[in-house]
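Report on the following structure.
The analysis underlying the following values was restricted to heavy atoms, covering all of them including side chains, and did not include hydrogens, waters or symmetry mates. Throughout, protein chains are lettered first and strands after them, A, B, ... in sequence-line order, and every chain is numbered starting at 1. A quick note: this is a predicted structure, and the numbers were derived from the prediction, not measured.
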Amino acid sequence: MTVLVAIGATASIAALWATLFYAPTERIMGHVQRIFYYHLPAALTMYLAYGLVFLASCMYLWKRQERWDELAAAAAEVGTVFATIVLITGPIWGKPVWGVWWVWDGRLTSTLVLWLIFVAYLMLRNYGGGGEQVARFCAVLGIIGFLDIPIIHYSVTWWRTLHPEAVVMTPGSIGRGVDPTMLYTMAISMVFAALLFSLLLTVRLRLERMIRRTAAAQQLVRERR
Amino acid sequence: MQMKNFGYLFAGLASFWAVAFVYLWRLARETSRLQEQLASIEQRLRDR
């Protein structure tokens, strides 16, 4: 854990330095484009987190082992933190570039839908009362939520509106036509986001196990009364 | 560094850090609350 925190802190400083001083200023958008180096890694980390929810939910429905439910619960919450970051940084970048905070564009709307699905997922976890039935419902909801990810990803190709098409990860190539220093900055930011995700997931998973241990201990106390 | 749209850049980066730190702080607070609760339950079980 200490090693992860140390590497993560170093990566965070490197990402901030590269974003502010190493990456060139984009010709049309100016400095505000630098939000891109935090917005895109947050979005890709959100994909990764909800991908983990999907995997863990499928495994839970198949094996019925509690560890898969714990992983799904932790990844869903951390994924929602990154989804929140995406939904905040996007409009802050969009306002000076598009002139509006929000449009009901395919990419933005499908991302908001994903966020709402996982907010409902977290509410079900927190207020559903726990137990095997809630875990099963959450697994199904986690799988349904993940199905929105391909829609989000391809929305910019299917419905051409305000949100730009992919520039870094295009089919068949990565970063063609993009300034190499922009790509290196993006790579550093991706490493930072991945480390931050690993740290948050580790801490949240530990907390999830502690929550279950506490609930089991409280149950034991009640039974001994 | 040219200052045009600097406020938006600052807000964008600050919001990333703010959300991450608030969440990490909430996790740390919740972990310490549960540790205390678990220790108290274990103590009660040992006392019986």
Side-chain angles (χ1 to χ4, degrees), chain A residues 5 12 15-16 19-21 25 29-39 41-42 74 77-78 80-97 189 192-193 196-197 199-200 202-204 206-221 224-225, chain B:
Chain A
V5 171
S12 75
L16 193 61
T19 299
L20 294 177
F21 304 109
T25 306
M29 291 184 268
H31 289 301
V32 77
Q33 181 271 340
R34 293 174 198 275
I35 292 177
F36 175 60
Y37 304 112
Y38 280 76
H39 179 73
E77 194 174 288
V78 177
T80 306
V81 169
F82 280 94
T84 306
I85 288 173
V86 171
L87 286 171
I88 294 174
T89 54
I92 292 173
W93 182 12
K95 175 67 176 143
V97 177
S189 295
F192 160 59
L196 181 64
F197 172 69
L199 174 71
L200 292 178
T202 307
V203 176
R204 182 61 185 83
R206 195 178 285 179
L207 179 66
E208 185 62 32
R209 286 177 186 146
M210 207 181 278
I211 290 169
R212 288 167 195 236
R213 250 180 71 200
T214 311
Q218 278 171 336
Q219 182 66 30
L220 195 64
V221 169
R224 286 194 184 182
R225 265 182 200 160
Chain B
M1 188 181 273
Q2 189 192 323
M3 290 295 137
K4 194 182 167 215
N5 288 333
F6 193 76
Y8 288 102
L9 174 62
F10 177 78
L13 301 194
S15 61
F16 181 101
W17 287 105
V19 172
F21 273 117
V22 166
Y23 182 61
L24 205 51
W25 172 77
R26 202 187 71 86
L27 286 182
R29 202 188 55 166
E30 195 63 11
T31 303
S32 98
R33 188 185 68 80
L34 278 175
Q35 269 168 347
E36 279 172 27
Q37 205 175 334
L38 205 55
S40 135
I41 293 170
E42 279 167 356
Q43 185 62 45
R44 267 159 59 195
L45 285 170
R46 266 197 301 271
D47 289 348
R48 284 183 186 191

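Proximity to chain B is limited to the side chain of Leu16(A), based on heavy atoms less than 4.5 angstrom apart. Of the atoms belonging to Gln35(B), heavy atoms from both backbone and side chain fall under 4.5 Å from chain A. With a 4.5 angstrom heavy-atom cutoff, Val86(A) does not touch chain B via any of its atoms. With a 4.5 Å cut-off on non-hydrogen atoms, Gln33(A) does not touch chain B at all. Of the atoms belonging to Tyr23(B), it is side-chain heavy atoms, and not backbone ones, that fall under 4.5 Å from chain A.
With sequence neighbours excluded, no residue forms a side chain to side chain donor-acceptor pair (under 3.5 Å) with Arg206(A). Applying the salt bridge (charged side-chain N to carboxylate O under 4.0 Å, His left out) test to Arg33(B) and every residue at least two apart in sequence or in another chain returns Glu30(B).
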Stepwise ring pair (Phe, Tyr, Trp, His ring centres under 6.0 Å) check, Trp17(B) with Phe10(B): CA-CA 11 Å; Trp17(B) 287 105; Phe10(B) 177 78; over 10 Å; no
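Of the listed residues (Glu77(A), Met29(A), Arg213(A)), the one with the most heavy-atom contacts under 4.5 Å to chain B is Glu77(A). For chain B, the option among Ile88(A), Thr89(A), Val221(A), Thr84(A) with the highest count of heavy-atom pairs below 4.5 Å is Val221(A). Chain B forms more heavy-atom pairs under 4.5 Å with one residue of Val203(A), Leu207(A), Ile211(A) than with any other, namely Leu207(A).
A salt bridge links Arg204(A) to Glu208(A): one of the charged nitrogens lies within less than 4.0 Å of a carboxylate oxygen.
With rounding to the nearest 0.5 Å, the separation of CG in Asn5(B) from CZ in Arg34(A) is 12.0 Å.
Classification of the Trp93(A)-His39(A) ring pair by plane angle, with boundaries at 30° and 60°, yields perpendicular.
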